[in-house]
There are 2 protein chains.
Amino acid sequence: MPRPRSPLLSVDAIVRAALFLVDSTGDFSTPKVAKELGVSQAALYNHIDNREHIIELMRGLVFSERQHLDTESLPWDEALRTLAHEYRDCLVDHPRLVPLLVAQTVRDLGVMRIYEDMATVLAKAGLAPSAIVPAITTLDYLVLGSALELTAPEVVWSPPQGLFPMLSEAIADLGSPAERSNTAFSFGLETLLAGIRQVTKTGF
Amino acid sequence: MPRPRSPLLSVDAIVRAALFLVDSTGDFSTPKVAKELGVSQAALYNHIDNREHIIELMRGLVFSERQHLDTESLPWDEALRTLAHEYRDCLVDHPRLVPLLVAQTVRDLGVMRIYEDMATVLAKAGLAPSAIVPAITTLDYLVLGSALELTAPEVVWSPPQGLFPMLSEAIADLGSPAERSNTAFSFGLETLLAGIRQVTKTGF
DNA sequence: ACCTGAACACCGTTCAAGT
DNA sequence: ACCTGAACACCGTTCAAGT
């Protein structure tokens, strides 16, 4: 079956198939993507460069679905909270993608757009120019980290036989991964906001 | 060359060889580890279970070299700062290990020990029990994220032709990856401390 | 332009065989 | 107990050949 009149494949189809595999199995491979789409392995390379390229395209796909709420009229902390949630929301349905994203540098313009919006808000907050990238970076860690938490097994950190009393106690009444992820994200975000408030007053 | 009287291999040798490969190339494979040690691929499996096991052992190795400073007598924020730095210091010489660690759940007791110490300090700080794990988790993201930053190329986020003015400006005078990582870590840590201070007063 | 089949070097793991 | 060689299924990528 050579060259059909209408292409069997497209970049979009490849990326969606790869993302489907990541979501359902935690990883993807080019043979599996090809099989999923009913084509030969080699056919993929007419549309994409290599594996890394597919990952970068998945990043783009996931963040292209971001909600763009208007934050112009909001106070800076409310605006930053909104942006952080929009950012995180892109990942909550695809937490198993995070390890792949984290192993590779960002090239996607969708993510860049979020960073730009955050930079705008932070400048408006009165944060020193030199602290803007550190603040965005910290938020970035928080979003990716808390999304990663969603992939964790139900019981995480099971400390053996009372060697870690404080930890055991703190873990005792933790909820599901989803709850833990939400709580940690909220906590991290609110402390960051509080910290930024402090820093804009006292300097850094 | 079957069964020599003194074993050619050991868990420790395997783990160190793997870590050497990760540090120098960004990844490792069982054939390469075997080659590095001058044995057959199959020989490894007399000492380790599988690839994941090697990664877990690398985590253990890296964190076994942690400095254990006495934080008992310090005020809680100073103590937490110290612990966070000890934790991060374990990773700064092995930043390329981070993507491998992040893809896998923690089983290592050395890391657990750090968490336990942090839990103790946070309880002493007067943080609500339900906020202790979120705080540790946030710190965890911060440490791993900032270590990951060390693997970034010199120029990160190169936004194309003035589409992202705020970001471009904020990026303008950034230092090396090492400096960026340090700054982001300090910033994240100090804002977290400020946030915890706030939260212990006002509740969460 | 866009597909197939065949091929390559590589990877993780197992297993029978040796001492 | 601890090694080797051979084998297996799998992976990423290339390339000649087809229309």
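Side chains are part of it too, since the values below use all heavy atoms of this structure and drop only hydrogens, waters and symmetry mates.
At the heavy-atom level, B/Ser29 lies under 4.0 Å from the strands shown only through sugar-phosphate atoms. In this structure, A/Leu44 reaches neither bases nor backbone, as no heavy-atom distance under 4.0 Å exists between it and the strands shown.
Between A/Tyr87 and A/Tyr115, the two ring planes are perpendicular [angle over 60°; tilted spans 30° to 60°].
When distances are taken from the side chain of A/Arg51 to each of C/dC2, D/dC11, D/dG12, the shortest belongs to D/dG12. Comparing D/dT4, C/dT4, D/dG12 by their closest approach to the side chain of B/Ser40 singles out D/dT4. Out of C/dT4, D/dC3, D/dC11, the shortest distance to the side chain of B/Leu9 is found at D/dC3. Side-chain proximity of A/Pro31 to C/dC3, D/dC11, D/dT13: nearest is D/dC11. Among D/dA6, D/dC2, D/dC15, the nucleotide with an atom closest to any side-chain atom of B/Ala42 is D/dA6.
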Requested in this report: Start with the C-alpha distance between B/Arg81 and B/Glu78, add both sets of side-chain angles, then the distance that settles salt bridge (charged side-chain N to carboxylate O under 4.0 Å, His left out), and finish with yes or no.
Outcome: CA-CA 5 Å; B/Arg81 219 189 321 259; B/Glu78 192 54 46; 3.4 Å; yes

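At C/dA1, none of the side-chain N or O atoms of A/His47 fall inside 4.0 Å of OP1 or OP2 (strictly under the cut-off). Within the structure, a side-chain polar atom (N or O) of A/Thr30 is placed less than 4.0 Å from OP1 or OP2 of D/dG12.
Atom pair A/Lys32:NZ and D/dC10:C1' shows a separation of 8 Å (rounding to whole Å applied). Atom-to-atom, CG of B/Asn46 to P of C/dA17 comes out at 17 Å; the value is rounded to the nearest Å. Per the geometry, CD1 belonging to A/Ile48 stands 15 Å off C1' belonging to C/dC3, to the nearest Å. When the P atom of D/dG12 is taken as reference, atom CD1 of A/Ile55 falls 9 Å away, rounded to whole Å. Nucleotide C/dG12 holds its P atom 15 Å from the CG atom of B/Asp49, rounded to whole Å. Rounded to whole Å, the distance from NE2 on A/His53 to P on D/dT14 is 14 Å. Residue A/Tyr45 contributes atom OH, which lies 4 Å from atom P of D/dT13 at whole-angstrom precision. Rounded to whole Å, atom P of D/dC15 lies 16 Å from atom CD of A/Gln41.
C/dT13 is paired with D/dA7 under the Watson-Crick or G-U wobble criterion, all donor-acceptor distances under 3.5 Å. In this structure, C/dC2 and D/dG18 make a Watson-Crick or G-U wobble pair, each of the two defining distances being under 3.5 angstrom.
A salt bridge (Lys or Arg N to Asp or Glu O under 4.0 Å) with A/Asp27 is found for one member of A/Arg96, A/Arg51, A/Lys32 and no other, namely A/Arg51.
Ion pairing of A/Arg66 with A/Glu86 is present here, as a side-chain N (NZ or NE/NH1/NH2) and a carboxylate O approach within less than 4.0 Å.
Taking CZ from A/Arg59 and CG from A/Leu19, the interatomic distance works out to 13.0 Å, rounded to the nearest 0.5 Å.
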